[in-house]
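See below for the structure under consideration.
Note on naming: letters A, B, ... go to the chains in the order of the sequence lines (proteins, then strands), and numbering restarts at 1 for each one.
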Protein chains: 2
Amino acid sequence: MTAQRRVVAEVLDGEHVHLTADEVHSRAVAKLPEISRATVYNTLGELVSLGEVLEVATDKRAKRYDPNAHRPHHHLVCAQCGEIKDVHPGGNPLADLPDSERFGFKVSDVEVTYRGVCPNCAAA
Amino acid sequence: MTAQRRVVAEVLDGEHVHLTADEVHSRAVAKLPEISRATVYNTLGELVSLGEVLEVATDKRAKRYDPNAHRPHHHLVCAQCGEIKDVHPGGNPLADLPDSERFGFKVSDVEVTYRGVCPNCAAA
DNA sequence: ATCCAGTATTGGATAAAGTCCAAGGTCATA
DNA sequence: TATGACCTTGGACTTTATCCAATACTGGAT
Ligand SMILES: [Mn+2]
Ligand SMILES: [Mn+2]
Ligand SMILES: [Zn+2]
Ligand SMILES: [Zn+2]
């Protein structure tokens, strides 16, 4: 555990946190000015491999890093500002996919992304 | 309607078609050798604006272009080879998100991505 | 059939996100 | 202190996508 890794871990602490690698780097630099982008990418990659952090692709640009890897969850995204919330829908979407729609795949996982407009953007 | 646009439209014809811009360009070049990448990107962007084609982000790399914009559907992705099938699950995932999990958002849409292993990859 | 204004296409430059690498730094152990 | 394993760094490189100025094309008016 180096100072660099500790800083990346600190930046990724919290709820509803879904930062891009670049955002992680900016915030890490505020705490440890000389940390490099390469180290941020390396550390994020290690955390993902360890299962401590999830990669999420809620927009079609940069990957986002999600420290909430403990409890499975899905995402609610504001189409205007990009804010992302963790959500826990009821039901079991896996069970909703009939065999006739599985094309012989062994299906093991499902991701659900809800889209809408957040209260802030709706007010503006 | 120019020859270039016609070729892009032809390339995007079919079922379970989810090509990247680069794949569209390669196939378009096979039919019209001098078509440029810029025109492919322009045309894809127009088709998306018109609602004739959807952008899908099933992997975390290039966007994919989906001509099946007529009937809403979701996707089943092979985690190994990337093959993508259109699927129509039962149930209504939007209804599965309780108000208490909406954070005041006006939720209007939901995307579901199933992940698994396709028969080909399972056999190998 | 020809002209022309508007639109489309092109190649190359640029940008954004991410990966790779060789060089050098750090740290525990001996 | 010397060693070796591992970590960090900056920059080069790759991939994907966008932007732009110059050129080519199109379709309607004459
Ligand atoms: Mn999350
Ligand atoms: Mn599809
Ligand atoms: Zn918003
Ligand atoms: Zn497969």
Side-chain angles (χ1 to χ4, degrees), chain A residues 1-12 17-50 52-67 75 77 79 81-84 113, chain B residues 1-12 17-50 52-67 75 77 79 81-84 113:
Chain A
M1 174 59 71
T2 63
Q4 287 84 349
R5 290 179 189 189
R6 188 160 29 246
V7 163
V8 169
E10 281 172 23
V11 165
L12 284 175
V17 170
H18 306 90
L19 299 170
T20 65
D22 223 48
E23 288 166 348
V24 172
H25 180 245
S26 296
R27 297 183 189 203
V29 163
K31 295 173 180 250
L32 182 67
E34 288 317 304
I35 190 172
S36 70
R37 270 170 229 281
T39 293
V40 169
Y41 275 107
N42 288 343
T43 304
L44 290 173
E46 286 157 15
L47 291 170
V48 170
S49 291
L50 292 170
E52 297 291 322
V53 165
L54 300 175
E55 275 180 359
V56 300
T58 50
D59 65 48
K60 298 180 185 75
R61 319 195 115 180
K63 295 174 196 168
R64 291 178 175 274
Y65 292 88
D66 183 344
H75 292 110
V77 182
C81 70
E83 184 178 1
I84 302 171
T113 303
Chain B
M1 175 59 72
T2 64
Q4 287 85 349
R5 291 177 186 188
R6 187 159 31 247
V7 164
V8 169
E10 281 172 23
V11 165
L12 284 175
V17 170
H18 305 90
L19 300 169
T20 65
D22 221 47
E23 289 166 348
V24 172
H25 180 244
S26 297
R27 297 183 189 203
V29 162
K31 295 171 181 253
L32 183 67
E34 289 318 306
I35 190 172
S36 70
R37 271 171 228 281
T39 294
V40 170
Y41 276 106
N42 288 343
T43 305
L44 290 173
E46 285 156 15
L47 290 170
V48 169
S49 291
L50 291 171
E52 297 292 322
V53 166
L54 300 174
E55 278 180 357
V56 299
T58 51
D59 65 46
K60 298 179 185 74
R61 318 195 114 182
K63 295 175 197 167
R64 291 177 175 276
Y65 293 87
D66 183 344
H75 292 110
V77 181
C81 70
E83 184 177 0
I84 303 172
T113 304

Can you see which heavy atom on [X] is nearest to which on [Y], and at what distance?
| X | Y | result |
| --- | --- | --- |
| Ala28(B) | Val11(B) | N-CG2, 3.8 Å |
| Thr20(B) | Ala62(B) | CG2-CB, 3.9 Å |
| His75(B) | His18(B) | NE2-NE2, 3.1 Å |

How many angstroms lie between atom [atom1] of [X] and atom [atom2] of [Y], to the nearest 0.5 angstrom?
| X | Y | atom1 | atom2 | result |
| --- | --- | --- | --- | --- |
| Lys31(A) | Ser26(A) | NZ | OG | 13.5 Å |
| Glu23(B) | Tyr65(B) | CD | OH | 12.0 Å |
| Glu46(B) | Thr39(B) | CD | OG1 | 9.0 Å |
| Leu32(B) | Arg5(B) | CG | CZ | 13.5 Å |

Using atom names, set out every protein N or O paired with an N or O of nucleotides 26-28 of chain C below 3.5 Å, distance rounded to 0.1 Å.
none

Throw together a table of side-chain donor-acceptor distances under 3.5 angstrom for residues 52-61 of chain A, partners on residues two or more places apart or in other chains.
{"unit_1": "Asp59(A)", "atom_1": "OD1", "unit_2": "Arg61(A)", "atom_2": "N", "d": "2.7"}
{"unit_1": "Asp59(A)", "atom_1": "OD2", "unit_2": "Arg64(A)", "atom_2": "NE", "d": "3.4"}

### Query
In residues 58-65 of chain B, which residues come under 4.0 Å of DNA chain D by heavy atom?
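Ala62(B), Lys63(B) - these, ordered by number, are the residues of the stretch whose heavy atoms sit under 4.0 Å from the strand.
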### Task
Let me know which of Val7(A), Asp66(A), Leu44(A) forms a side-chain contact (heavy atoms from CB on, under 4.5 Å) with Leu12(A).
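Among Val7(A), Asp66(A), Leu44(A), the one that satisfies the side-chain contact (heavy atoms from CB on, under 4.5 Å) with Leu12(A) is Leu44(A).
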### Message
Just the rounded figure in Å: distance from C1' of dA15(C) to CG of Asp22(A).
### Response
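Checked: the CG to C1' distance equals 13 Å.
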### Query
Between Glu55(B) (CD) and dT18(D) (C1'), how many Å, whole number?
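Going from CD in Glu55(B) over to C1' in dT18(D) covers 13 Å.
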### Query
After noting the C-alpha distance and the side-chain angles of Val24(A) and Thr43(A), does the key distance pass the side chain to side chain contact (heavy atoms under 4.5 Å, CB included) rule?
CA-CA 11 Å; Val24(A) 172; Thr43(A) 304; over 6 Å; no
### Query
Taking only residues two or more places apart in sequence or in another chain, which ones pass salt bridge (Lys or Arg N to Asp or Glu O under 4.0 Å) with Arg27(B)?
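In terms of salt bridge (Lys or Arg N to Asp or Glu O under 4.0 Å), with neighbours along the sequence ignored, Arg27(B) is linked to no residue.
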### Task
Could you identify which residues of residues 33-46 of chain A place a heavy atom less than 4.0 Å from some atom of DNA chain C, listed by residue number, or say none?
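Hits under 4.0 Å, by residue number: Ala38(A), Tyr41(A).
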What's touching nucleotides 22-27 of chain D from the protein side, N or O pairs under 3.5 Å?
none

